[in-house]
Protein chains: 2
Amino acid sequence: MEQRAFQDYYPDDVSHCYGCGRLNEQGIQLKSYWDKEETVATVTPRPYHTAIPGYVYGGFLASIIDCHGTGSAAAAAYKAEGRRMDSGPPLRFVTASLRVDYLKPTPMGVPLELRGTIKEVSRKKVTTAITVTAAGKVCARGEVVAVLMPEHMIPSSG
Amino acid sequence: MEQRAFQDYYPDDVSHCYGCGRLNEQGIQLKSYWDKEETVATVTPRPYHTAIPGYVYGGFLASIIDCHGTGSAAAAAYKAEGRRMDSGPPLRFVTASLRVDYLKPTPMGVPLELRGTIKEVSRKKVTTAITVTAAGKVCARGEVVAVLMPEHMIPSSG
């Protein structure tokens, strides 16, 4: 796996996301990487990211699926263009739709592994299927449809 | 509207959820109420619940839709049984699946209003359609399928 995460290539002015912004001190700071054809991220929820005691909050799982999906989308779009993530212009994706199926309760206190499979990729839209595994069991499945961020939303373009 | 929120009726041992647990000090503490046939909640994201600067994080929207959905499910299930939320046995729902469509960027700095419509209700499963409105515009639509919490997940039953 590469040492630098997808999110480490995001320009500073779009790196404040609660889920994956490296500049959000209170945030989750998710980091996603390629692992062959799949994308992977590992994260351990904080104690307060709980649902009922002992289990991970479903909104936390939706959040990490969301950010792993937009990160995977950016990486896949660069790859489709045959260029590196540090080349310009930057590609940053936002979520158009998110679906999560909670298959079984997700235990607290263990690292969660997210694995993404790119289902469809075009210049402006990428769909990623994602599993969340805890202690060897797939606890949730998600799908993220991500679209290229409209230019007017990028702070530095304003 | 009633003064007491759906979540205020949850037993203490299932009131630690990051999204809606009144006992989770770091959490969002969402409060949902009936408004005639709809369910309603209002919440203002904290500054760090951002996506890119100026806009609300999609994972935060998924989280509040999730908790408004499980809260609405509990309220609808009590109503279907013709009993008050402070009567036993307690009904507490968890999310089986969640879908969110992000229609437009959701601005930070204003209260978000969630409105739920109960689509289907049975003793063990409730489906709720939810809109999130900011500054008069519907920014996201969600659907939550919630199921009655399995007894083995309730701490006091262990």
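In what follows, chains are A, B, ... by sequence order, proteins preceding strands, each numbered from 1.
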| query | A/Asn24 versus chain B, heavy atoms under 4.5 Å apart: side chain, backbone, both or neither? | reply | side chain

| Options B/Gln26, B/Arg46, B/Glu143, B/Arg141, ranked by heavy-atom pairs under 4.5 Å with chain A, top entry | B/Gln26

| According to a 4.5 Å side-chain heavy-atom criterion applied to Ile, Leu, Val, Met, Phe, Trp and Tyr, with indirect links allowed, do B/Ile118 and B/Leu114 form part of one hydrophobic cluster? | no

| task | Over all heavy atoms of both residues, which pair between A/Ile52 and B/Met149 is shortest? Give the atoms and the distance, please. | result | CG2-CE, 3.5 Å

| task | For chain B, find which of A/Gly54, A/Gly59, A/Ala140 contributes the most heavy-atom pairs closer than 4.5 angstrom. | result | A/Gly59

| task | Decide whether B/Val40 and B/Ile130 are clustered together by the hydrophobic rule: side chain heavy atoms of Ile, Leu, Val, Met, Phe, Trp, Tyr closer than 4.5 Å, transitively. | result | no

| Quick check: are there more than 12 heavy atoms from other residues, nucleotides or ligands sitting under 6.0 Å from NZ of B/Lys125? | no

| query | Closest approach of A/Tyr18 and B/Tyr18, non-hydrogen atoms and distance? | reply | OH-OH, 3.5 Å

| message | Is there a path of hydrophobic side-chain contacts, each under 4.5 Å between heavy atoms, that joins B/Ile65 and B/Val145? | response | no

| Does any heavy atom of chain B fall under 4.5 Å from the side chain of A/Tyr55, the backbone, both, or neither of them? | side chain

| What are the two closest non-hydrogen atoms of A/Gly58 and B/Asp66, and how far apart are they? | C-OD2, 3.6 Å

| Of the backbone (N, CA, C, O) and the side chain (C-beta and beyond), which part of A/Tyr57 lies under 4.5 Å from a heavy atom of chain B, both, or neither? | side chain

| message | Hydrophobic clusters here meaning ILVMFWY residues chained together by side-chain heavy-atom distances under 4.5 Å, can you tell me if B/Tyr33 and B/Val43 are in one? | response | no

| Result of checking A/Val147, A/Val94, A/Leu98 against B/Tyr102 for side-chain contact (heavy atoms from CB on, under 4.5 Å) | A/Leu98

| Is B/Phe93 reachable from B/Met85 through a run of hydrophobic residues whose side-chain heavy atoms are each under 4.5 Å from the next? | yes

| Pick from A/Ser97, A/Cys20, A/Ser15: which one has the most heavy-atom pairs with chain B under 4.5 Å? | A/Ser97

| Value rounded to 0.5 Å, distance of CG in A/Asp101 from OG1 in B/Thr95 | 11.0 Å

| query | Of the listed residues (B/Ala62, B/Cys67, B/Ala51), which shares the most heavy-atom pairs with chain A below a 4.5 Å separation? | reply | B/Ala51

| query | Minimum heavy-atom separation for B/Asp13 to A/Pro53, with atom names? | reply | O-CD, 3.4 Å

